[in-house]
Student: 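So that we are looking at the same thing, I have put the structure below in structure tokens.
Atoms considered below: every heavy atom in the structure, side chains included; atoms not considered: hydrogens, waters and symmetry mates. Convention: sequence-line order gives letters A, B, ...; per-chain numbering from 1.
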Amino acid sequence: MKNMTDTSSIRVRFAPSPTGYLHVGGARTALFDWLFARRYGGAFILRIEDTDVERSSEEMTTGILEALTWLGLNWDEGPYYQSKRLDLYKQAGQRLLEGGHAYYCACPAGGHTIACREQASREGGGAVRFRVPQGTVSFKDDVIGEISIESDTIEDFVLLRSDGHPTYHLSVVVDDIDMRISHVIRGTDHVSNTPKQILLYRALGAPLPAFAHVPLILGPDKTRMSKRHGATSVMAYQEQGIVPEAFRNFLALLGWSPGTDQEMFGDDELIQAFSLQGISKANAVFNPEKLSWFNAQYLAKLPDHKLIAYLKPEFINAGLWRDTLENEEADRFKLLLEALRPRSKTLHDFVRQSRPYLGTTLEYDQAAVAKVSKEPQIREHLHTLADRLQSLPDFNHQTLEAVIRALAEELAVKPGTLMGGARVALTGLSVSPGIFEVMMILGPETTIQRLRTF
RNA sequence: GGCCCCAUCGUCUAACGGUUAGGACGUGGCCCUCUCAAGGCCAAAAUACGGGUUCGAUUCCCGUUGGGGCUACCA
């Protein structure tokens with residue numbers, strides 16, 4: 001076994017196949033790879049496994065890169081493309097052939113029998129198969145523990161297809177050796193593949209890396225995540241208004257635990273806390289409600305400039321953006337954001353709730369108007385309120401509250417009645433942030449004007 | 001079917017032979033309160049089952065059941 005105490009030799013890779021978009025399971029694996037590399041000062045390498053020309057596409061590769069970037073998982077090397085390294089695999093296949101570890105097989109696809117080994121040749125056509133040796137293959141997985149299997153349960157698998165393209169097992173092993181990968185961290189769907197690959201390492205005379213297989217992420221119905229579960233693509237979460245910080249924090253805690261009760265993790269904290277020992281052996285069910293909670297937590301705490309950066313495209317999309325929001329109107333815009341933070345679970349919630357404050361015209365919810373109109377003199381009262389505000393020298397929370405409470409007492413109505421009326425007059429709705437916040441967001445001019453015209 | 005792996009509240013998980021089995025999401029209640037949220041407090045909620053080993057099992061071993069993965073000239 002190689003000595004892994006020298007952390008400068010830590011090299012991990014994320015090796016997606018561009019036959020689909022980056023799904024949550026892949027993202028979580030990538031996150032663990034990245035975390036492990038960062039934790040030990042190693043290298044995080046990105047490799048695109050596009051040896052299946054039929055099913056791979058460039059758009060998918062682009063999408064995967066985009067998703068990793070969105071998640072903030074920056075790579076140190078790559079992306080390497082297996083489709084550009086075909087010679088390497090052929091050479092390895094040739095070496096295996098020459099060493100007697102492999103043979104040509106002309107059986108029709110799917111029709112291979114062990115008898116084929118007998119006529120095995122080092123030349124000729126067809127696919128190249130690995131000659132699986134007798135014996136027990138065992139290895140220590142860093143998360144699962146000791147695993148062993150009899151090699152006679154493994155078929156002589158294909159190394160090189162008839163067309164000369166390598167299959168997965170050959171290309172991973174060749175690349176992991178060539179790229180000096182020290183730790184293979186990947187999904188548990190690969191544990192059954194590991195013995196085959198170990199046999200290949202041996203046949204190629206290369207030292208073994210450490211293996212760590214992380215459990216799968218299941219959909220809410222406890223079956224494997226798939227399109228049926230709706231949003232399984234990482235980018236679908238961006239579209240839903242999820243912020244990458246939240247998604248990453250949520251993902252980190254799916255199948256991994258720091259061993260403490262801490263749940264909110266900043267980047268550096270997460271890197272420091274991460275270890276293979278904390279990875280669970282059992283599959284985890286994806287819990288959308290918890291993701292939503294994480295998102296709300298982050299939306300509440302994100303620094304203004306980051307929040308605004310995420311929000312800007314959304315506002316532009318909704319036709320609510322104007323550059324003054326970052327300049328002349330910056331103060332009241334930030335006031336609006338503060339008011340909306342605890343009321344938003346997604347980025348869309350900000351936009352949806354911003355209309356009454358950023359829109360030029362106000363739409364009244366008729367039910368809200370009707371409810372407030374039960375107080376017969378509410379309009380007169382609100383007009384009086386407008387007059388009082390007109391002469392208010394200082395427009396802040398304290399002075400506004402003082403004016404409203406004093407007026408309510410004077411008019412012999414409950415303060416809530418006045419506030420409720422003002423809410424509808426100012427926002428058109430029966431729900432909003434605190435009424436004084438609303439007034440400050442709107443500013444004296446708009447506040448007074450809307451009260452008067454109600 | 002064969003082989004491999006897994007199993008604590010509904011969900012994510014803590015416990016690494018001795019705890020009233022802890023935390024979080026969600027759920028219910030209360031508080032706060034100008035509405036809605038957020039926030040605070042409280043509550044209900046789990047060791048799959050059966051055998052061992054042990055003074056003592058969530059924890060170690062075996063079996064059962066359940067779940068997942070692999071079994072392609074996919075990755």
Side-chain angles (χ1 to χ4, degrees), chain A residues 15-20 49-52 54-56 82 105 107-112 126-129 141 143-145 147-150 152-155 157-169 171-172 186-196 213 215-216 218 220 222-224 250 253-264 277-278 280-294 296-297 300 339-345 349 353 368 371 401 404-405 408 414-424 427 429-436 438:
Chain A
S17 170
T19 54
E49 310 220 321
D50 54 355
T51 53
D52 184 346
E54 297 290 305
R55 306 197 308 150
S56 299
Q82 292 193 323
C105 163
C107 299
H112 170 76
V128 175
R129 283 184 189 270
D141 186 283
V143 354
I144 299 170
I147 295 172
S148 74
I149 180 182
E150 295 306 317
D152 55 21
T153 62
I154 305 173
E155 223 188 11
F157 53 95
V158 172
L159 261 20
L160 290 168
R161 301 179 173 92
S162 307
D163 65 5
H165 277 84
T167 60
Y168 167 69
H169 295 296
S171 56
V172 226
R186 64 202 341 180
T188 48
D189 46 339
H190 289 294
V191 298
S192 306
N193 292 328
T194 306
K196 299 179 190 173
H213 289 93
L216 266 19
L218 273 23
K222 294 194 181 184
T223 66
R224 203 173 173 178
F250 167 72
L253 260 19
L254 258 192
W256 173 79
S257 163
T260 66
D261 286 342
Q262 185 177 358
E263 296 218 281
M264 297 295 294
Q277 286 68 45
S280 160
K281 295 186 196 183
N283 292 343
V285 174
F286 188 89
N287 183 349
E289 281 80 30
K290 186 133 188 186
L291 170 60
S292 178
W293 177 80
F294 269 113
Q297 294 293 310
L340 262 23
R341 278 178 192 263
R343 279 166 254 261
S344 302
K345 285 181 179 300
D349 290 340
Q353 298 177 97
K371 194 176 169 192
E401 179 154 15
I404 289 203
R405 290 197 187 277
K414 279 190 271 188
T417 306
L418 234 39
M419 296 178 191
R423 171 165 291 110
V424 176
T427 68
L429 305 169
S430 56
V431 303
S432 81
I435 196 64
F436 311 119
V438 168

Student: A/Leu216 has an atom CG; how far is it from atom C1' of B/C70, in whole Å?
Tutor: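 Distance, rounded to whole Å: 12 Å.
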Student: Both distances under 3.5 Å, Watson-Crick or G-U wobble: report the partner of B/G50, or none.
Tutor: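 B/G50 is paired, partner B/C62.
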Student: Check whether any side-chain N or O of A/Arg341 sits under 4.0 Å from OP1 or OP2 of B/A38, and answer yes or no.
Tutor: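 So the side chain of A/Arg341 is outside the cut-off, no N or O lying under 4.0 Å from OP1 or OP2 of B/A38.
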Student: What integer number of Å spans the P atoms of B/G52 and B/U59?
Tutor: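 It comes out at 15 Å once rounded to the nearest Å.
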Student: Under 4.0 Å between a side-chain N/O of A/Gln297 and OP1 or OP2 of B/G39, yes or no?
Tutor: yes
Student: Let's see if you can work this out: which of B/C73, B/A75, B/A37 has an atom nearest to the side-chain heavy atoms of A/Arg343?
Tutor: B/A37
Student: Has the side chain of A/Gln262 got a donor or acceptor atom that lies under 3.5 Å from a matching backbone atom of A/Met264?
Tutor: yes
Student: Determine: side-chain N/O of A/Arg405 to OP1/OP2 of B/C34, distance under 4.0 Å, yes or no.
Tutor: yes
Student: Using the C1' atoms only, state how far B/U58 lies from B/A72, rounded to an integer number of Å.
Tutor: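 Per the computed distance, 41 Å lies between those C1' atoms.
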Student: Between the base of B/G69 and the side chain of A/Ser192, is there a donor and acceptor pair under 3.5 angstrom?
Tutor: yes
Student: Roughly, in whole Å, what's the span from CZ in A/Phe286 to P in B/G26?
Tutor: 15 Å
Student: What nucleic acid atoms does A/Ser430 come within less than 4.0 Å of, heavy atoms only: base, sugar-phosphate, or nothing?
Tutor: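 Base, at least one base heavy atom under 4.0 Å.
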Student: Whole angstrom is fine here: how far is it from CD1 in A/Ile144 over to P in B/G69?
Tutor: 14 Å
Student: Could you check how far CG of A/Asp141 sits from C1' of B/C6, rounded to whole Å?
Tutor: 12 Å
Student: Nearest-nucleotide wise, let me know which of A/Ser148 and A/Pro166 is further upstream toward the 5' end of RNA chain B.
Tutor: A/Ser148
Student: Between B/C3, B/C34, B/C70, spot the one nearest the side chain of A/Met419, thanks.
Tutor: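 Looking only at side-chain atoms, A/Met419 lies closest to B/C34.
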Student: Given B/A75, B/A72, B/C4, which nucleotide is nearest the side-chain atoms of A/Arg161?
Tutor: B/A75
Student: Can you identify which nucleotide, out of B/C4, B/G22, B/C36, has its nearest atom closest to the A/Val431 side chain?
Tutor: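 Nucleotide nearest to A/Val431's side chain: B/C36.
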Student: Paired with B/C25: which nucleotide, if any, by Watson-Crick or G-U wobble criteria at under 3.5 Å for both distances?
Tutor: B/G10
Student: Round to the nearest Å and state the distance from A/Gln277 atom CD to B/A15 atom P.
Tutor: 12 Å
Student: Scan every strand shown for a Watson-Crick or G-U wobble partner of B/C3, both distances under 3.5 Å, and answer none if you come up empty.
Tutor: B/G69
Student: Which nucleotide, B/U71, B/C36, B/C4, lies nearest any side-chain atom of A/Lys196?
Tutor: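 Between B/U71, B/C36, B/C4, the one nearest the side chain of A/Lys196 would be B/U71.
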Student: Decide whether A/Ser432 and A/Arg343 meet the rule of one side-chain donor and one side-chain acceptor closer than 3.5 Å.
Tutor: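 Distance-only check fails for A/Ser432 and A/Arg343.
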Student: So how far is it from A/Asp52 CG to A/Tyr168 OH, rounded to the nearest 0.5 Å?
Tutor: 13.5 Å
Student: Just compare B/C4, B/C73, B/A14 and give me whichever is closest to any side-chain atom of A/Ser257.
Tutor: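 Selected nucleotide: B/A14.
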Student: A/Leu254 CG to B/A24 P: how many Å, rounded?
Tutor: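 My rounded result for the distance is 18 Å.
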Student: Let me know the distance between NZ of A/Lys290 and C1' of B/C9, rounded to the nearest Å.
Tutor: 13 Å
Student: Looking at B/C6, B/C73, B/C12, which one has an atom nearest to any side-chain atom of A/Thr167?
Tutor: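 That would be B/C73.
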Student: Output the single nucleotide from B/C34, B/A24, B/C73 whose closest atom is nearest the side chain of A/Trp293.
Tutor: B/A24
Student: On the side chain of A/Thr188, is there an atom forming a donor-acceptor pair with the base of B/C5 - under 3.5 Å, no angle test?
Tutor: no
Student: Using the C1' atom as the reference point in each nucleotide, state the distance between B/G1 and B/G28 in Å, no decimals.
Tutor: 48 Å
Student: Determine, for A/Phe250 and A/Lys290, whether the Lys NZ or Arg CZ falls below 6.0 Å from the six-membered ring centre while staying within 45 degrees of the axis.
Tutor: no
Student: In whole Å, I'd like the distance from the CG atom of A/Leu218 to the P atom of B/G69.
Tutor: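 Value for this atom pair: 8 Å.
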Student: Write down the distance separating the C1' atoms in B/A45 and B/G39, rounded off to the nearest Å.
Tutor: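 Each nucleotide's C1' atom is 24 Å from the other's.
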Student: Do the side-chain N and O atoms of A/His165 and A/Ser171 include a donor-acceptor pair separated by under 3.5 angstrom?
Tutor: no
Student: Taking all non-hydrogen atoms of both residues into account, name the closest pair between A/Gln353 and A/Ser344 and its distance.
Tutor: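 For A/Gln353 versus A/Ser344, the nearest heavy atoms are NE2-OG, 3.3 Å.
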Student: When all nucleic acid strands are considered with a 4.0 Å heavy-atom cut-off, which category describes A/Gly434: base, sugar-phosphate, or nothing?
Tutor: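 Answer is base: heavy atoms of A/Gly434 come under 4.0 Å of a base.
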Student: Looking only at the side chain of A/Asn287 (C-beta and beyond, no hydrogens), which of the listed nucleotides B/G10, B/U13, B/C36 gets closest?
Tutor: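 Among B/G10, B/U13, B/C36, the one nearest the side chain of A/Asn287 is B/G10.
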Student: So, OP1 or OP2 of B/G23: does either fall under 4.0 Å of a side-chain N or O from A/Thr260?
Tutor: no
Student: Please report the closest heavy-atom contact between A/His213 and A/Val143, naming both atoms and the distance.
Tutor: O-CG2, 3.2 Å
Student: For the P atoms, the ones on B/C6 and on B/U64, what distance do you get once it is rounded to whole angstrom?
Tutor: 16 Å
Student: To the side chain of A/Val285, which of B/A7, B/C74, B/C12 is closest?
Tutor: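 Side chain of A/Val285 sits closest to B/C12.
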